[in-house]
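Every chain is numbered from 1, with letters handed out A, B, ... down the list of sequences.
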Protein chains: 2
Amino acid sequence: MVVDQTLSDIEVDRIFRALADATRRDIVRRTLSAEASVSVLARDYDMSFAAVQKHVAMLEGAGLVTKHPRGRERIVRGNPEAIRRAQQLLNTYEQIWRGRIDRLDALLEENPG
Amino acid sequence: MVVDQTLSDIEVDRIFRALADATRRDIVRRTLSAEASVSVLARDYDMSFAAVQKHVAMLEGAGLVTKHPRGRERIVRGNPEAIRRAQQLLNTYEQIWRGRIDRLDALLEENPG
DNA sequence: CTAACGTACAACTATATGGTTGTAGATCAG
DNA sequence: CTGATCTACAACCATATAGTTGTACGTTAG
């Protein structure tokens, strides 16, 4: 199964926006390492449960984590796919920059000295 | 010269926040490819000059671009360093995920079937 | 059954963002 | 010198974020 890996502007916005908060990055890090319920996650942060819930919701909306019911709990898992898409974006930017360098080099070879 | 590549939470916040907008990503893309003045950049977007100015200011605050006076113009250049730091962040997340997979594999080998 | 737990969601506040218009200073062209 | 250009910045508005508290509901433990 080949999945369309083209991301709309809105989707990319959401991914980067979701990563622009230290608490959310920590949740991504933790849930990539091992899944955890929302309440277990919440214990480690100096804020209300509802606040953590909102962070998880934003991460879920960006596709960076998935939530799975287990009894009364909601298990949160990090999603490496979304990370990879963000990496791809940044890679294209680096490629663009390398392209510029290559063009500058070519220019220098044409007009040496 | 070795530069400290450790980023504070605030700095990382700013980088991802700056990347969470399609106009700003486009400015990064363009200025990585070739430097351009703020007004030249602004011509291509359906918003006021002041709005583009603010986007550039946010990118500059995040270190994603640098601004250089040239006469009455301000020349904007993309900064690949900041891109690389964001890439590094995402790479560590992927490493964390791979670490989990490795641990799962080891577990399966210990308890086969 | 009952109490505690985990979650969902609404309402509210404060601050940040993304846009606007307007004013003003510096520089360039003629 | 004068006018056009490029930029800077303030003030304002609408919306989104990040946090709070409070209420409600399903699930689990005893």
Side-chain angles (χ1 to χ4, degrees), chain A residues 8-31 34-78 82, chain B residues 8-31 34-78 82:
Chain A
S8 75
D9 279 349
I10 303 290
E11 291 171 312
V12 178
D13 286 5
R14 276 202 273 258
I15 291 177
F16 284 126
R17 191 70 187 78
L19 289 170
D21 179 279
T23 301
R24 287 195 293 265
R25 285 193 300 275
D26 196 60
I27 292 173
V28 167
R29 189 185 54 73
R30 290 173 67 186
T31 56
E35 62 183 28
S37 70
V38 180
S39 55
V40 165
L41 290 172
R43 275 182 207 124
D44 287 6
Y45 305 112
D46 188 25
M47 65 184 74
S48 68
F49 173 80
V52 176
Q53 227 180 356
K54 282 207 222 175
H55 283 308
V56 171
M58 196 167 300
L59 288 168
E60 191 184 18
L64 283 161
V65 305
T66 55
K67 270 199 310 188
H68 311 271
R70 183 152 78 200
R72 63 185 161 187
E73 295 178 312
R74 297 294 179 275
I75 304 301
V76 183
R77 286 190 206 136
Chain B
S8 74
D9 279 349
I10 303 290
E11 290 170 312
V12 178
D13 286 4
R14 276 202 273 259
I15 291 177
F16 284 127
R17 190 72 185 76
L19 288 171
D21 178 280
T23 300
R24 287 195 293 265
R25 284 193 300 276
D26 196 59
I27 292 173
V28 168
R29 189 185 54 70
R30 290 173 67 186
T31 57
E35 62 183 25
S37 71
V38 180
S39 56
V40 164
L41 290 172
R43 276 184 205 122
D44 287 6
Y45 306 112
D46 188 24
M47 65 184 73
S48 68
F49 174 80
V52 175
Q53 226 180 355
K54 282 208 223 175
H55 283 309
V56 171
M58 197 168 298
L59 289 169
E60 191 184 18
L64 284 160
V65 306
T66 55
K67 269 199 311 190
H68 311 271
R70 183 153 78 200
R72 64 185 159 186
E73 294 178 311
R74 297 295 180 271
I75 303 301
V76 183
R77 289 190 204 134

| query | Looking only at side-chain N and O atoms, does B:T23 come under 4.0 Å of OP1 or OP2 in C:dG18? | reply | no

| task | Check whether any side-chain N or O of B:H55 sits under 4.0 Å from OP1 or OP2 of C:dT17, and answer yes or no. | result | no

Side-chain donor-acceptor pairs under 3.5 Å in residues 63-70 of chain A, sequence neighbours left out?
from	atom 1	to	atom 2	distance (Å)
A:T66	OG1	A:H68	NE2	2.7
A:H68	NE2	A:R77	NH1	3.4
A:R70	NH1	A:E35	OE2	3.3

| field | Separation of atom CE in A:M47 from atom P in D:dA18, rounded to whole Å | value | 10 Å

| Residue pair B:R74, B:V56: steps toward the side chain to side chain contact (heavy atoms under 4.5 Å, CB included) verdict | CA-CA 11 Å; B:R74 297 295 180 271; B:V56 171; over 6 Å; no

| request: Rounded to the nearest 0.5 Å, what's the gap from OG on B:S37 to CZ on B:R72? Could you check? | output: 10.0 Å

| remark: Picking from C:dT17, D:dA18, C:dT20, the nucleotide nearest the side-chain atoms of A:M58 would be D:dA18

| task | Ignoring backbone atoms, establish whether B:R74 has a side-chain N or O less than 4.0 Å from OP1 or OP2 of D:dA8. | result | yes

Enumerate donor-acceptor pairs with a distance under 3.5 Å from any side-chain N or O in residues 18-27 of chain B to protein atoms, sequence neighbours excluded.
from	atom 1	to	atom 2	distance (Å)
B:D21	OD1	B:T23	N	2.9
B:D21	OD1	B:R24	N	3.1
B:R24	NE	B:A18	O	2.8
B:R24	NH1	B:H55	ND1	3.1
B:R24	NH2	B:R17	O	3.2
B:R25	NH1	A:D13	OD1	2.8
B:R25	NH1	B:L19	O	2.7
B:R25	NH2	A:D9	O	3.3
B:R25	NH2	A:D13	OD1	2.8
B:D26	OD1	B:R29	NE	3.1
B:D26	OD1	B:R29	NH2	2.5
B:D26	OD2	B:Y45	OH	2.6

| Counting only side-chain N and O atoms of A:K67, is one of them less than 4.0 Å from OP1 or OP2 of C:dA8? | yes

| request: Could you tell me the separation between the CD atom of A:E11 and the CZ atom of A:F16, rounded to the nearest 0.5 Å? | output: 12.5 Å

| remark: Comparing nearest nucleotides in DNA chain D, the 5'-proximal residue of the pair B:V40, A:R72 is B:V40

| remark: Regarding the side chain of A:E73, the nearest nucleotide among D:dA11, C:dG6, C:dC28 is C:dG6

| task | Would you please confirm or rule out a distance under 4.0 Å between OP1 or OP2 of C:dG18 and any side-chain N or O of A:R17? | result | no

| In whole angstrom, what separates A:D13's CG from C:dG18's P? | 9 Å

| Taking OH from A:Y45 and P from D:dT20, how many angstroms apart are they, rounded to a whole number? | 14 Å

| note | Of D:dT7, D:dT17, D:dA29, the nucleotide closest to the side chain of B:Q53 is D:dT7

Protein and nucleotides 21-25 of chain D: nitrogen or oxygen contacts under 3.5 angstrom:
none

| said: With nearest nucleotide decided by heavy atoms, which residue, B:R24 or B:G71, maps closer to the 5′ end of DNA chain C? | reply: B:R24

| message | Nearest 0.5 angstrom please: A:R14 CZ to A:S8 OG, how far? | response | 7.0 Å

| field | Nearest-angstrom distance from the residue atom CD1 of A:I75 to P of C:dC5 | value | 17 Å

| Is there a side-chain contact between A:V40 and A:V76, using heavy atoms and a 4.5 Å cut-off? | no

| note | Taken to the nearest whole Å, NZ/B:K54 to C1'/D:dA14 is 12 Å

| request: Give the rounded distance in Å between these two atoms: CZ of A:R70 and C1' of D:dG26. | output: 17 Å

| query | Nearest of D:dT7, C:dT7, D:dT20 to any side-chain atom of B:V38? | reply | D:dT7

| query | To the nearest angstrom, how far is A:R14 atom CZ from D:dT17 atom P? | reply | 10 Å

| field | Reported CE-to-CG distance for the pair A:M47 and A:D44, which is rounded to 0.5 angstrom | value | 11.0 Å

| query | How long is the line joining CZ of B:F16 and P of D:dT17, in whole Å? | reply | 17 Å

